[in-house]
Amino acid sequence: MLQIVYISSARRPIGSDQLEEILDISRRNNQLHQVTGLLLAAGRRFLQALEGPSDAVLATYARIAADPRHGALVQLGCRTVETRQFGDWSMAFRGGGEIGGAADLRGEVERLVAPLDDANLRAQFAGFAELHARAA
Ligand SMILES: Cc1cc2nc3c(=O)[nH]c(=O)nc-3n(C[C@H](O)[C@H](O)[C@H](O)COP(=O)(O)O)c2cc1C
């Protein structure tokens, strides 16, 4: 199985309606292709992990990278994993700032990622949430 983690920023602010639509489509597609993961949104910034069968993850990442709503994507990691970190989450989501509206993004994300085996992933997601909590 392949796991890709990336950060990106939207070209324009993404409203809550558009975000709902992105999540609906993502969950539908991901379920169909056995892709699981986690998406964090903070203002225009995103941090997302995708995992599943290599072909499916690469195809999903290629679609996301080609999405005109996205500016630059920066891959933080791309590696083979034995077991899924994100269980059966077709795409878990937490958001703060202009979208999503979690009052305590940092606390929520820390609780959410606490069960993950991979300490690096936990740190990446917690770090993103903390950075945003400070910037807010
Ligand atoms: C931040 C962000 C995260 C996304 N995550 C996913 C995802 O996990 N899976 C997915 O299929 N599409 C995701 N998308 C949507 C894709 O960019 C693309 O619009 C969609 O896959 C097209 O699906 P369709 O060909 O079924 O219309 C994401 C888009 C954004 C902006």
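It should be emphasised that the depicted structure is a prediction, and the values quoted were computed from it without experimental measurement. When a ligand or atom number is given, it counts from 1 through the structure's own listing order.
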(message) Among all protein heavy atoms in this structure, tell me which lies nearest to atom 27 (O) of ligand 1, with the distance rounded to 0.1 Å.
(response) Ile25 CG2, 4.4 Å
(request) May I ask you to identify the nearest protein heavy atom to atom 2 (C) of ligand 1, giving residue, atom name and distance to one decimal place in Å? (result) His70 CE1, 3.8 Å
(message) Please list the nearest protein heavy atom to atom 5 (N) of ligand 1 with its residue and the distance rounded to 0.1 Å.
(response) Gln48 NE2, 3.1 Å
(request) With heavy atoms only and a cut-off of under 4.0 Å, state how Val35 meets ligand 1: side chain, backbone, both or neither. (result) neither
(message) Would the distance check show the side chain of Asn30 and the main-chain N or O of Ser90 forming a donor-acceptor pair, the cut-off being under 3.5 Å?
(response) yes
(message) With heavy-atom distances below 4.5 Å as the criterion, would you say the side chains of Glu20 and Phe93 are in contact?
(response) no
(request) Ignoring hydrogens and angles, tell me if any N or O in the side chain of Arg11 forms a donor-acceptor pair with the backbone of Arg69 under 3.5 Å. (result) no
(message) Donor-acceptor pair, distance only, cut-off 3.5 Å: does the side chain of His33 make one with the backbone of Asn29?
(response) yes
(request) Would you mind running through ligand 1 and noting each atom that sits below 4.0 Å from a heavy atom of Arg69? (result) 19 (O)
(message) Could you tell me if Arg84 and Thr36 have a donor-acceptor pair between their side chains, going purely by distance under 3.5 Å?
(response) yes
(message) Could you check whether Arg79 pairs with Asp118 (Lys NZ or Arg NE/NH1/NH2 to Asp/Glu carboxylate O, under 4.0 Å)?
(response) yes
(request) Output the list of atoms in ligand 1 that are nearer than 4.0 Å to some heavy atom of Met91, sorted by atom number. (result) 8 (O)
(message) Is there a polar contact between ligand 1 and Thr60, counting only N or O atoms under 3.5 Å apart?
(response) no
(message) Judged on heavy-atom distance to atom 15 (C) of ligand 1, which of Leu19, Leu73, Asp67 sits nearest?
(response) Asp67
(message) Within ligand 1, which atoms have a heavy atom of Asn30 less than 4.0 Å away?
(response) 7 (C), 8 (O), 9 (N), 10 (C), 11 (O)
(request) Kindly indicate whether the side chain of Leu50, heavy atoms from C-beta on, has any atom under 4.5 Å from the side chain of Phe86. (result) no
(message) So if I count the atoms of ligand 1 from 1 in the order they appear, which ones are less than 4.0 Å from some heavy atom of Arg28?
(response) 26 (O)
(message) Please compare Ser90, Ser26, Ala59, Ser8 and report which has the shortest non-hydrogen distance to atom 14 (N) of ligand 1.
(response) Ser26
(request) Check whether any side-chain N or O of Glu51 sits under 3.5 Å from a backbone N or O of Gln85 as a donor-acceptor pair, and report yes or no. (result) yes
(request) Using a 4.0 Å heavy-atom cut-off, say whether Arg63 meets ligand 1 through its side chain, its backbone, both or neither. (result) both
(request) Considering only non-hydrogen protein atoms, determine which one is nearest to atom 29 (C) of ligand 1 and report residue, atom name and distance to 0.1 Å. (result) Ile22 CG2, 3.6 Å
(message) Any side-chain to backbone donor/acceptor pair from Arg45 onto Ile7? Under 3.5 Å, distance only.
(response) no
(message) Once you restrict to heavy atoms under 4.0 Å, what part of Asn29 touches ligand 1? Side chain, backbone, both or neither.
(response) side chain
(message) Tell me whether Met1 shares a hydrophobic cluster with Val35, the cluster being built from Ile, Leu, Val, Met, Phe, Trp, Tyr side chains joined at under 4.5 Å.
(response) no
(request) Using a strict 4.0 Å cut-off to heavy atoms of Leu50, name the atoms of ligand 1 that fall inside it. (result) 8 (O)
